[in-house]
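Notes follow once the structure below has been shown.
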Amino acid sequence: MVRLDLSRLASVSPVASPSSGAVGSVTPFEEVLRSSLRSVNSLQMGADQIVQRLALGEVEDVSQVSIAVEKAELALRTLVEIRNKLVDAYQQISRMPV
């Protein structure tokens, strides 16, 4: 089962520049976002595959199909909301007087 692990987003902090000499085990925000996108994509592809298998008569338990589709839909909705919040934050920052 692929999970969309958004708990790592809360622990992301700015990465120190190479010139500062600070070395840490902080995951860059870009990598957290990229792995989340991969997880959502994997859920979507898995849901598509199980729906195709249902159409071909290879799946007898419709609840498996329903659960896979709902997981994919929920992950996508969550990702879209995160994107909306990021866009909103960017717009608010861009409107700040300098």
Task: Hydrophobic cluster identity match, Val51 and Val62, side-chain contacts under 4.5 Å - done: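 Linked, Val51 and Val62 end up in one cluster.
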Open item on the list: Hydrophobic clustering (ILVMFWY, side-chain heavy atoms < 4.5 Å, transitive) - are Leu76 and Leu37 grouped together?
Closed with: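 Yes; Leu76 is reachable from Leu37 via cluster members.
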Open item on the list: Could you work out, with side-chain hydrogen bond (donor to acceptor under 3.5 Å, both in side chains) as the rule, every residue matching Arg83, not counting sequence neighbours?
Closed with: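 Once residues adjacent in sequence are excluded, Arg83 has no partner under the side-chain hydrogen bond (donor to acceptor under 3.5 Å, both in side chains) criterion.
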Got a second to check how far [X]'s [atom1] is from [Y]'s [atom2], nearest 0.5 Å?
X: Leu79; Y: Gln44; atom1: CG; atom2: CD; value: 9.5 Å
X: Ile82; Y: Ser36; atom1: CD1; atom2: OG; value: 6.5 Å
X: Thr27; Y: Leu33; atom1: OG1; atom2: CG; value: 13.0 Å

Open item on the list: If the condition is salt bridge (charged side-chain N to carboxylate O under 4.0 Å, His left out), which residues does Glu81 pass it with, not counting sequence neighbours?
Closed with: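 Counting only residues at least two positions away or on another chain, Glu81 forms no salt bridge (charged side-chain N to carboxylate O under 4.0 Å, His left out).
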Open item on the list: Once salt bridge (charged side-chain N to carboxylate O under 4.0 Å, His left out) is applied, do any residues pair with Glu70, and if so which ones, sequence neighbours excluded?
Closed with: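 For Glu70 there are no salt bridge (charged side-chain N to carboxylate O under 4.0 Å, His left out) partners, ignoring immediate neighbours.
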- [ ] With sequence neighbours excluded, tell me which residues meet side chain to side chain contact (heavy atoms under 4.5 Å, CB included) with Ala47.
- [x]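 Per chain and number, Ala47 pairs via side chain to side chain contact (heavy atoms under 4.5 Å, CB included) with Val69, Ala72.
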- [ ] Could you pull out all residues at least two apart from Gln52 that satisfy side chain to side chain contact (heavy atoms under 4.5 Å, CB included)?
- [x]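 Partners of Gln52 by the side chain to side chain contact (heavy atoms under 4.5 Å, CB included) criterion come out as none, since no residue qualifies.
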Distance-only donor-acceptor pairs under 3.5 Å for side chains of residues 86-98, two or more places apart:
from  : atom 1 : to    : atom 2 : distance (Å)
Asp88 : OD2    : Gln92 : NE2    : 3.4
Ser94 : OG     : Tyr90 : O      : 3.3
Ser94 : OG     : Gln91 : O      : 2.9

Task: Residue pairs involving residues 59-69 (criterion side-chain hydrogen bond (donor to acceptor under 3.5 Å, both in side chains); sequence neighbours excluded) - done: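 Matches after skipping sequence neighbours: Asp61-Ser63.
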Open item on the list: With salt bridge (charged side-chain N to carboxylate O under 4.0 Å, His left out) as the rule and sequence neighbours excluded, what pairs involving residues 40-57 come up?
Closed with: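 Qualifying pairs: Arg53-Glu58.
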- [ ] Keeping the roles fixed (side chain from Ser39, backbone from Ser35), state whether a donor-acceptor pair exists under 3.5 Å.
- [x]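 Checking the backbone N and O of Ser35 against the side chain of Ser39, a donor-acceptor pair under 3.5 Å is found.
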